[in-house]
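Notes follow the structure.
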Amino acid sequence: MSQLETPLFDVLLKHRNRHPIQFHIPGHKKGQGMDPAFREFVGDNVLSIDLINIAPLDDLHSPKGAIKEAQSLAAEAFGADHTFFSVQGTSGAIMTMILSVVGPGDKILVPRNVHKSTMSAIVLSGAIPIFIHPEVDEEYGIAHGISAESVEKALKTYPDAKAMLVINPTYFGFATDLKRIVDIVHAHNIPVIVDEAHGVHIKFHDELPLSAMQAGADMAATSVHKLGGSMTQSSVLNVREGLVTVNRVQSVLSMLTTTSTSYPILASLDCARRQLAVHGYDLIDEAIRLSKDARKRINKIPHLKVAGREKLHSSATYDMDPTKILISVKDLGITGHQAEEWLRHNANIEVELSDLYNILCLITLGDTKKEINLLVNALQRMSQTFESEATQRETIVNVPDIPALAMTPRDAFYASTEVMPIEKSVGYICAEFIMVYPPGIPIFIPGEIITEDNIEYIKMNIEAGLPVQGPEDLSLKTIRVIKERMPII
Ligand SMILES: Cc1ncc(COP(=O)(O)O)c(C=O)c1O
């Protein structure tokens, strides 16, 4: 088969054109049983391929036909031995990777700034996380990736680790020296699994960092929906044979996946793969060109700056993706959050994210010169508006200590718990996640012993106006801890 073909999309179209009388789910039956306003808005085309795993359409849980062919073409395009489609985003693919390589009591090396799906899978698997500090950027107040040196150190300290997870590239587009990390980890004969949520496009242009498969990693969970042109929720799990068992990966993915897989989502993956394989280079080339132009122009706007290649100085910041425009607004005397709100209300612009110091804008294969001009003009107006408040602000980026783990996150998750005032909780075992952004590093995860220093760190961040994420009590006056067993008298 050639990369020009879309076997799954074609089978869906062929099936729909036969106009079969449907006595199966979904009950809306090509939209006929659907709320008319919604039907009219989304259109009959998409509803006519909103089908289910009847024999002609293959089954994601046990692909033998069109889905198998579509996955094989994707594997060829991504340079993987096998590709699995995910209708549960990269979160589902990350959980599959982790549950495929570690079980109860196994140690897995992970960066501290992992996505919550990694921690969910660690709880479900019963594995023990060994955290590695990411490199922290004092200027922008963000976390980068981990360095090759810290991976070497972690493997020396924990030679019994069963796998290593790397985030590459980061949300902000910075990439580690992944090839070096893969070589170091493979020397210990254990797999490297990659959270590639923000890097579906990097394989398709040689100016971008190496993809996980190009670097020799064993698995990569890759959000096609984020930057690759497919529909929201669609991702791929790329697998290299050798240190992981492909059949196990397929069965774990099936365990975690709905039996009612969305065919519009799967078909959009098939078509996005064709577009990336056939036109990816040119489309991404244009996005890179637009990004470079945007970077140059934004850097000329008073009090704004964009993180660029000058930030590349270590194995943790080894390469970067210029299409991620991380704009520091702190010298304008406003927070990233204020900039986000200003752009929303005054320029009808929605950014990808904001934090205390920055906003992040993504330039993708969906952008043109027009959007770039609108962004640059809006940023110019924003800079003029806040000119009188402009000031040199200091970034507060302290990295909290990583507390000792007293029990596995899974045991902590299932233990009896109680809520207590945070001041009294020192020495108790935490039963919830507490994270502060930036730099996005969890301060406590379930199973860790609460320390005075980290409580101080949380308070300092709350006072600085940084949002705390995770705990039940967002004011953090109380915290959920593992209940201590009292003797029975
Ligand atoms: C670093 C990282 N990993 C994983 C994910 C999860 O991806 P998805 O939303 O496709 O489930 C995200 C989502 O933002 C992410 O930022």
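In listed order, ligands and their atoms are each counted from 1.
Shown are Val249, Val194, Asn238; of these, the side chain to side chain contact (heavy atoms under 4.5 Å, CB included) with Met219 is made only by Val249.
Set against the non-hydrogen atoms of Gly89, the atoms of ligand 1 under 4.0 Å away are 10 (O), 11 (O).
The shortest side-chain heavy-atom distance between Glu196 and Ser211 falls under the 4.5 Å cut-off. For the pair Asp218/His186, a side-chain contact is recorded, criterion being any heavy-atom separation below 4.5 Å from C-beta on.
Ring planes of Tyr281 and His205: parallel class, angle under 30° (limits at 30 and 60°).
Contact annotation: for Ser223 versus ligand 1, heavy atoms closer than 4.0 Å belong to the side chain alone. Residue His198 touches ligand 1 through its side chain alone, judged by heavy-atom distances below 4.0 Å. At a heavy-atom distance under 4.0 Å, no atom of Thr170 approaches ligand 1.
Residues Asp160 and Lys107 are paired through a salt bridge, judged by an N-O separation under 4.0 Å between the basic side chain and the carboxylate.
Residues Phe9 and Tyr263 keep their aromatic ring centres 6.0 Å or farther apart.
On a distance-only criterion, Thr90 and ligand 1 share at least one N/O pair closer than 3.5 Å.
Looking only at heavy atoms of the protein, atom 11 (O) of ligand 1 is closest to Ser91 OG, 2.6 Å. Looking only at protein heavy atoms, the nearest one to atom 3 (N) of ligand 1 is Asp195 OD2, 2.6 Å. Shortest contact from atom 13 (C) of ligand 1 to any protein heavy atom: Lys226 NZ, 3.0 Å.
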